[in-house]
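Positions are given from 1, in the same order as the sequence printed here. These figures come from a predicted structure and were not determined experimentally.
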Amino acid sequence: MDKFKNYMASRTAADWVMALAAVVLVVAAVLYSQTGAQPAFRITVSGGVVAACAIAALLALASAALQWDILGYVAYLLALYSLLQFIVTQLSYIANVLVAIDGNTFTPAFIATAVLLAVAAVMALVSAILTGVLRKSRAKKLAKEAAA
């Protein structure tokens, strides 16, 4: 139990942000898988978006647990990929709404999915950058203490 307490106490803000990004990615993937299909526009749910979200969430959790900078950046890139792939899969819907052919507003589920994917990508990037910055500041602090 003491090891767990010490492990949790050693987590930085970057780790918690990355873990939260993983949760947001899972929520976005579930929301997209339930509401992404739009038969009126011949749009189906893309397995690529769901898979990218799942892999990004796993890498984000691994990054938070292991504190490896590279995993955070890969999680960010996959979260960004899932956002871009989501937009690509919804292009005919977006075009129809923008020219007001079959409606002039986006559905709340579409907006929520896009916002969640964007927020998750930004959170993963911020966390990855913070992890690197905190690691460098710790290294400078240790070097300063060793020199003194």
Table please: side-chain donor-acceptor pairs of residues 114-124 below 3.5 Å, with sequence neighbours left out.
none

Side-chain donor-acceptor pairs of residues 69-80 under 3.5 Å, sequence neighbours excluded:
from  : atom 1 : to     : atom 2 : distance (Å)
Asp69 : OD2    : Arg135 : NE     : 3.1
Asp69 : OD2    : Arg135 : NH2    : 2.4

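Ile129 and Trp68 fall into different hydrophobic clusters, defined by Ile, Leu, Val, Met, Phe, Trp and Tyr side-chain heavy atoms under 4.5 Å apart, directly or through other members. The hydrophobic clustering, which links ILVMFWY residues whose side-chain heavy atoms are closer than 4.5 Å, places Val23 and Val30 apart. Tracing side-chain contacts under 4.5 Å through hydrophobic residues (I, L, V, M, F, W, Y), one never reaches Val133 starting from Leu66; they form parts of separate clusters.
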Report the C-alpha distance between Trp16 and Leu20 in whole Å, list the side-chain angles of each, state the deciding distance to 0.1 Å, and finish with yes or no for side-chain contact (heavy atoms from CB on, under 4.5 Å). CA-CA 6 Å; Trp16 295 110; Leu20 187 58; over 6 Å; no
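With sequence neighbours excluded, no residue satisfies ring-ring contact (aromatic ring centres under 6.0 Å, His included) with Tyr81. Taking Ala54 as the reference, nothing meets the side chain to side chain contact (heavy atoms under 4.5 Å, CB included) condition, with sequence neighbours excluded. Under the side-chain hydrogen bond (donor to acceptor under 3.5 Å, both in side chains) criterion, Thr12 pairs with Asp15, not counting sequence neighbours.
In terms of modelled atom types and a separation under 3.5 Å, the side chain of Thr113 and the main chain of Ala109 share a donor-acceptor contact.
A heavy-atom distance below 4.5 Å is not found between the side chains of Leu59 and Ser63.
Evaluation of the salt bridge (charged side-chain N to carboxylate O under 4.0 Å, His left out) test over residues 81-100, restricted to residues two or more places apart or in two chains, returns none.
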